[in-house]
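Remarks on the structure that follows.
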Amino acid sequence: MAKCSLCRRTACYVQRYSGLRLCGEHFLRHFERRVRRTVMSRGMLRRGLRVGVALSGGKDSTVLLHLLHGYAEKLELELVAVLVDEGITGYREVSRRRAHKVCSELGVELHVRSFRDTFGFTLDEAAHATRWKPCSVCSVLRRYLLNTAASELGCQRLATGHNLDDVAQSVLMNYLRGDVERLLRGSRGHGMVPRIKPLMEVPEKEVALYAMLSGLEVGFEECGYAGESFRSLVREVLLQLEEHTPGIRYGILRGWERLRGAVATEPRPLRACTKCGAPCSSEVCGACRMVEAVRRGLEGESP
Ligand SMILES: [Zn+2]
Ligand SMILES: [Zn+2]
């Protein structure tokens with residue numbers, strides 16, 4: 001194996017898109033610097049903020065929580081972790097235990113919100129009753145629970161563990177579906193807790209390597225539904241593109257940001273959902289409409 005580009009030790013990672021070869025030590029420093037730069041250059045955090053962290057117990061959110069915890073003292077941040085329990089048999093139990101453990105080690109409060117307690121059904125039941133793709137139900141209801149929890153807990157930011165691959169996948173998916181509105185609009189709307197994605201400039205593989213090299217206890221188990229999704233197909237294609245043209249994920253990210261900058265969109269005018277009061281752009285929010293449909297499905301009617 002070749003030597004590290006920065007010292008005489010053996011490299012354990014070759015960053016194809018930059019040409020850098022890094023030993024364990026230098027990889028860790030490099031990764032931390034990159035995330036710090038993302039956070040600082042994009043103005044994600046300010047001194048004294050109360051930050052909600054979406055924690056799943058998986059590698060991305062665990063690495064995120066550790067890094068934010070590392071900034072907490074200097075920036076006087078207050079961290080609160082939020083875990084959404086979707087009720088996916090065999091998947092959530094282990095990661096939930098792990099999330100509890102990491103929070104108690106770091107002294108961070110953990111709040112759990114479950115589909116069952118909030119909506120009266122689990123994701124398994126919802127998918128079965130409606131025959132909808134579980135991922136489309138999950139993405140709407142999960143985001144809803146995270147947003148409402150962050151706002152109830154008085155958070156001024158909601159940090160999620162989305163990495164470069166996740167962001168590039170979302171851009172491609174919206175583009176391929178022709179969903180220009182979703183492609184261009186930001187996550188910000190009036191009344192919503194602003195979202196931040198500190199890991200958005202690091203590839204998924206590097207997040208996994210960081211977790212491993214820094215000895216973090218993380219899970220690599222995937223949600224059992226993940227393989228069925230459109231996202232997983234896009235993920236594969238994107239990895240092939242990256243293999244062919246290293247750095248293409250950064251190209252997708254930069255191009256998308258330039259596009260969004262060029263086509264300035266107004267922040268969505270939001271009002272309160274007449275059913276739940278959450279900020280939304282129509283009379284009843286997407287989550288409430290979905291919950292109604294699932295309940296109809298559970299009662300045997302067509303959703
Ligand atoms: Zn080195
Ligand atoms: Zn609603």
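Every number for a ligand or one of its atoms is a count from 1 in the order of the listing. Just so it is clear, the values below take in all heavy atoms, side chains as well, and ignore hydrogens, waters and symmetry mates.
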ask   = Would you say the side chain of Leu28 lies within less than 4.5 Å of the side chain of Ser214, judging by non-hydrogen atoms?
value = yes
inquiry  = Heavy-atom count check: over 12 atoms from other residues, nucleotides or ligands less than 6.0 Å from Glu283 CD?
reply    = no
Arg29/Glu32 ion pair, N-O < 4.0 Å = yes
request  = For the atoms ND1 of His26 and SG of Cys4, give the angle they form at the Zn ion (ligand 1), rounded to 10 degrees.
outcome  = 110°
message = Using a distance threshold of 2.8 Å, state whether an N, O or S atom of Cys280 lies below it from the Zn ion (ligand 2).
response = no
ask   = When you draw lines from the Zn ion (ligand 1) to SG of Cys23 and to SG of Cys7, what angle lies between them, to the nearest 10°?
value = 110°
ask   = Do Asn163 and Asp60 get their side chains close enough for a donor-acceptor pair, meaning under 3.5 Å?
value = yes
key: Geometry at the Zn ion (ligand 2) - Cys276 SG versus Cys288 SG angle, rounded to 10 degrees   = 110°
